[in-house]
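Accompanying notes for the structure given below.
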Amino acid sequence: MSRSGLVRALASIVAGPGPATATVAAALELPSAPTAGEHTEVFDLQCYPYASVHLGDEGQLGGEARDRIAGFLRALDVVPPPEPDHLAVLLDAYASLMELDEGGSERAGHARRVLLHEHLASWVGRHLERVAELAPPSLAAWAEVSARVLAEESDRLGHAEVLAPALEDASALSDPREEGAAKAFLGAVLAPARSGLVLARADLSRAADELGIGARIGERAYALRAMLAQDGPAVLDWLSTEAQRQAAALDTTAAIGGPVVAAWWTARLERSAALLAELA
């Protein structure tokens with residue numbers, strides 16, 4: 001399989017199960033083909049494969065992070081699909097640029113580096129770290145192969161020496177004791193670019209189990225709000241510890257994004273850990 005074919009195969013797995021999934025999974029040497037249920041649980045409910053979720057100040061779909069990627073695709077004369085920041089779209093676009101670059105297109109070579117440095121390496125390591133940790137074997141293996149391939153691409157092209165605009169512009173987690181900051185605090189904790197934390201529903205369930213408090217079924221903000229209402233200091237302390245844990249597990253982020261990106265995520269997590277501990 002060619003390098004670009006390998007990237008397309010990885011894209012097809014995160015895009016969702018289809019008639020060729022079993023063949024692709026075998027070619028990638030995954031332990032099994034991901035089922036529709038596994039795909040939904042991991043990518044729709046736990047680890048969202050969208051740049052905007054990881055890079056936007058709101059930690060939600062859409063916004064400036066998505067608009068940046070849509071603009072990048074338009075600059076390549078590509079009509080952006082409805083979800084241009086989905087990882088499957090980005091990987092497929094990267095595979096196309098690889099082919100054009102290797103065919104001698106200078107423009108494609110530049111665009112390939114921009115796509116890798118600004119729109120993938122800035123966040124995808126964090127996503128793959130959490131998938132590898134939380135997913136069943138089929139998709140955990142997919143995350144590990146994806147991490148290896150993208151790290152190899154970063155080695156080939158060189159790591160970025162400056163931060164992607166989305167990271168450089170991201171606001172840090174605000175102290176809720178400051179005037180006007182309390183209302184937005186919960187959403188900021190759940191926004192990776194703000195707190196550094198990539199929190200899945202499974203993490204909140206784990207927190208509830210470890211703390212011996214009730215876990216509510218629903219959106220993460222609803223569940224976290226209910227937990228804080230039961231025992232705010234304990235939950236804040238748990239979040240601080242989790243931020244420290246995630247800061248110590250940035251190997252994939254470092255391999256794909258390089259020292260500049262890894263240092264940014266480390267600093268953001270360490271700052272949040274300190275603030276959350278103080279609030280606790």
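Quick note: residue numbers are just sequence positions, from 1. Side-chain atoms are counted along with the backbone in the values below, which use heavy atoms only and exclude waters and symmetry mates.
Side chain of T253 to backbone of R126: a donor-acceptor contact under 3.5 angstrom is found. Between the T40 side chain and the G37 main chain, no donor and acceptor come within less than 3.5 Å of each other. Looking at S122, its side chain does come within 3.5 Å of a backbone N or O of E118 through a donor-acceptor pair. With hydrogens and angles ignored, the 3.5 Å screen pairs a side-chain donor or acceptor of T21 with a backbone N or O of G18. Side-chain N or O atoms of H119 include none that pairs as donor or acceptor with a backbone N or O of A164 at under 3.5 Å. R268 places no side-chain N or O within donor-acceptor distance of the main-chain N or O of L173, the cut-off being under 3.5 Å. In this structure a side-chain-to-backbone donor-acceptor pair under 3.5 Å is missing from Q46 to A135. No donor-acceptor distance shorter than 3.5 angstrom exists from the side chain of Q244 to the backbone of A273, with no hydrogens or angles considered.
Note: E99 CD to S4 OG = 3.5 Å, rounded to the nearest 0.5 Å. The CD atom of Q230 lies 10.0 Å from the CG atom of L211; values are rounded to the nearest 0.5 Å. To the nearest 0.5 Å, the span separating CZ on R271 from CG on L275 amounts to 6.0 Å. The structure places OG of S96 at 4.0 Å from CZ of R8, a figure rounded to the nearest 0.5 Å. Taking CD from E144 and CG from L28, the interatomic distance works out to 12.5 Å, rounded to the nearest 0.5 Å. Within the model, atoms CG of L276 and CD of E242 stand 11.0 Å from one another, a figure rounded to the nearest 0.5 Å.
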Side chain to side chain contact (heavy atoms under 4.5 Å, CB included) between Q246 and E129, worked out: CA-CA 9 Å; Q246 291 193 18; E129 284 159 356; over 6 Å; no
Working note: D175 + F185, criterion side chain to side chain contact (heavy atoms under 4.5 Å, CB included); need CA distance, chi angles, decisive distance, verdict. CA-CA 8 Å; D175 190 330; F185 177 72; over 6 Å; no
Pair L97, L116 - check side chain to side chain contact (heavy atoms under 4.5 Å, CB included), show working. CA-CA 10 Å; L97 291 172; L116 178 63; over 6 Å; no
For the pair R194 and E58, evaluate salt bridge (Lys or Arg N to Asp or Glu O under 4.0 Å) and give the outcome as yes or no after the intermediate values. CA-CA 8 Å; R194 298 289 306 278; E58 302 300 323; 5.8 Å; no
Steps toward salt bridge (Lys or Arg N to Asp or Glu O under 4.0 Å) verdict (E102, R3): CA-CA 11 Å; E102 290 159 8; R3 294 285 300 177; over 6 Å; no
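Salt bridge R148/E152: present, at least one basic N to carboxylate O contact under 4.0 Å. Here R68 pairs with E64 in a salt bridge; the nearest charged N to carboxylate O distance falls below 4.0 Å. Salt bridge present: R206 and D203 bring a charged side-chain N and a carboxylate O closer than 4.0 Å.
Of all heavy-atom pairs between M227 and A208, the closest is CE-N, 3.8 Å. Residues M98 and V7 come closest through the heavy atom pair SD-CG2, 3.8 Å. The two residues R220 and L204 have their closest heavy-atom pair at O-CD1, 3.6 Å. The heavy-atom pair separating H39 from A15 by the smallest distance is NE2-C, 3.7 Å. The minimum heavy-atom distance linking V149 with L6 is given by the pair CG2-CD2, 3.4 Å. Of all the heavy atoms in A193 and L55, the pair that sits closest is CB-O, 3.5 Å.
Hydrophobic clustering keeps I13 apart from Y50 (ILVMFWY residues linked when any side-chain heavy atoms are closer than 4.5 Å, directly or through intermediates). A single hydrophobic cluster is not seen to contain both L45 and L190; linkage of ILVMFWY side chains at heavy-atom distances under 4.5 Å, directly or through other members, places them apart. The hydrophobic clustering, which links ILVMFWY residues whose side-chain heavy atoms are closer than 4.5 Å, places V14 and L134 apart. Transitive grouping of hydrophobic side chains (ILVMFWY, heavy atoms separated by less than 4.5 Å) keeps V53 and W265 in distinct clusters. The cluster map of Ile, Leu, Val, Met, Phe, Trp and Tyr, joined by side-chain heavy atoms under 4.5 Å apart, puts V198 and L90 in different clusters.
Using a 4.5 Å cut-off on side-chain heavy atoms (C-beta onward), S52 and Q60 make no contact. In this structure, V260 and V162 have side chains that are not in contact, with every pair of non-hydrogen atoms separated by 4.5 Å or more. Between L10 and Y94, every side-chain heavy-atom pair lies at or beyond the 4.5 Å cut-off. By the 4.5 Å heavy-atom criterion applied to side chains, V131 and V42 are counted as neighbours. Here the side chains of I256 and V261 are not in contact, with every heavy-atom distance at 4.5 Å or above. I69 has its side chain out of reach of P80: every pair of non-hydrogen atoms, C-beta onward, lies at least 4.5 Å apart. Residues F43 and L139 form a side-chain contact, since some pair of their non-hydrogen atoms from C-beta on lies under 4.5 Å apart. Two residues are said to be in side-chain contact when any heavy atoms from C-beta on lie closer than 4.5 Å; R66 and E83 meet this criterion.
Using bins of under 30°, 30° to 60° and over 60° for the plane-to-plane angle, the ring pair H54/W123 lands in the tilted bin.
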